[in-house]
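The figures that follow rest on heavy atoms only: side chains count, while hydrogens, waters and symmetry mates do not. Just so it is clear, the structure is predicted and the values come from calculations on it, not from any experiment.
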Amino acid sequence: MTPWPLIFAALATGAVVPLQLVFNGQLGGVLRNAFTASLIVFVVGAALLLALVAIMRPQLPSLAELMAAPRTVWLGGVIATGYIVATVIITPRLGVGLTTGLILVGQLCMALALDHFWALSPAPRCSHRVGLLRERLARCRNGPVARKPPPR
């Protein structure tokens, strides 16, 4: 069964990224400082998330659970900060299309590397079709028959 709602949600999420670039670039131009603009972006986002959490009332983790989490879970905020600051600076200079394209290429390269090396996940979680695609891509790279390694 194909998870169509998730596929459409992912496409919609991707469709708003160029809008985010435009709005963040505009804010950076108004404030004339990428760091201040990025801070405001995060404050607005944090206020929205605070309201959503107050409405939804999910169970919050304990301090012990937070301390037991792998250190890498905290890197998302660091990466998001770098992403926002970079887009505030880059988008007005390169334009929305080129910036979005370069971001997508960077994301695809990193995603392929993470999947290839199974980084940050215990095992690959892909459908048979994705596995088949990987196999076909490997054949394109290695030729129709797997090459034997050179003798040592």
Side-chain angles (χ1 to χ4, degrees), residues 1-138 141-142:
M1 183 169 130
T2 305
W4 287 109
L6 294 176
I7 290 170
F8 289 128
L11 288 171
T13 301
V16 299
V17 169
L19 293 173
Q20 180 191 24
L21 297 178
V22 170
F23 301 148
N24 291 350
Q26 288 174 341
L27 184 60
V30 168
L31 300 175
R32 296 181 312 276
N33 185 285
F35 295 101
T36 306
S38 300
L39 177 62
I40 290 174
V41 167
F42 275 101
V43 168
V44 170
L48 176 61
L49 287 171
L50 186 61
L52 289 172
V53 168
I55 292 167
M56 297 173 71
R57 304 182 57 92
Q59 181 180 354
L60 298 176
S62 67
L63 183 59
E65 289 173 316
L66 289 174
M67 298 301 287
R71 291 182 184 155
T72 54
V73 301
W74 307 108
L75 292 176
V78 174
I79 292 169
T81 300
Y83 172 81
I84 296 297
V85 171
T87 59
V88 169
I89 294 168
I90 295 167
T91 303
R93 290 168 174 82
L94 294 183
V96 177
L98 182 56
T99 302
T100 301
L102 292 171
I103 288 170
L104 288 174
V105 169
Q107 288 174 338
L108 288 171
C109 290
M110 180 57 76
L112 289 171
L114 290 173
D115 276 354
H116 179 73
F117 295 109
W118 299 356
L120 306 176
S121 66
R125 293 185 183 102
C126 62
S127 69
H128 173 70
R129 290 181 185 153
V130 173
L132 187 61
L133 177 63
R134 278 188 189 159
E135 180 182 317
R136 289 182 180 160
L137 288 173
R141 185 184 69 212
N142 298 329

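Applying the side chain to side chain contact (heavy atoms under 4.5 Å, CB included) rule to Gln59 yields no partners; only residues at least two apart in sequence or on another chain are considered. Not counting sequence neighbours, the partners of Thr36 by the side chain to side chain donor-acceptor pair (under 3.5 Å) test are Asn33. Here Trp4 pairs with Thr2, Ile7, Phe8 under the side chain to side chain contact (heavy atoms under 4.5 Å, CB included) rule; sequence neighbours left out. Residues meeting the side chain to side chain contact (heavy atoms under 4.5 Å, CB included) test with Pro5, sequence neighbours left out: none.
Minimum interatomic distance between Pro61 and Leu66 (heavy atoms only, all atoms of both residues): CG-CD2, 3.8 Å.
Expressed to the nearest 0.5 Å, how far CG of Leu39 lies from CG of Leu31 amounts to 10.0 Å. Atom-to-atom distance recorded for Thr100:OG1 and Leu21:CG is 4.5 Å, nearest 0.5 angstrom. The distance from atom CG of Leu108 to atom CD1 of Ile103, rounded to the nearest 0.5 Å, is 12.0 Å.
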Only distances under 3.5 Å count here; give the side-chain donor-acceptor pairs of residues 83-92 to other protein atoms, sequence neighbours excluded, each with its distance to 0.1 Å.
| from | atom 1 | to | atom 2 | distance (Å) |
| --- | --- | --- | --- | --- |
| Thr87 | OG1 | Tyr83 | O | 3.2 |
| Thr87 | OG1 | Ile84 | O | 3.0 |
| Thr91 | OG1 | Thr87 | O | 2.8 |

List the atom pairs, donor and acceptor, that lie under 3.5 Å between side-chain atoms in residues 9-17 and the rest of the protein, sequence neighbours left out.
| from | atom 1 | to | atom 2 | distance (Å) |
| --- | --- | --- | --- | --- |
| Thr13 | OG1 | Ala9 | O | 2.8 |

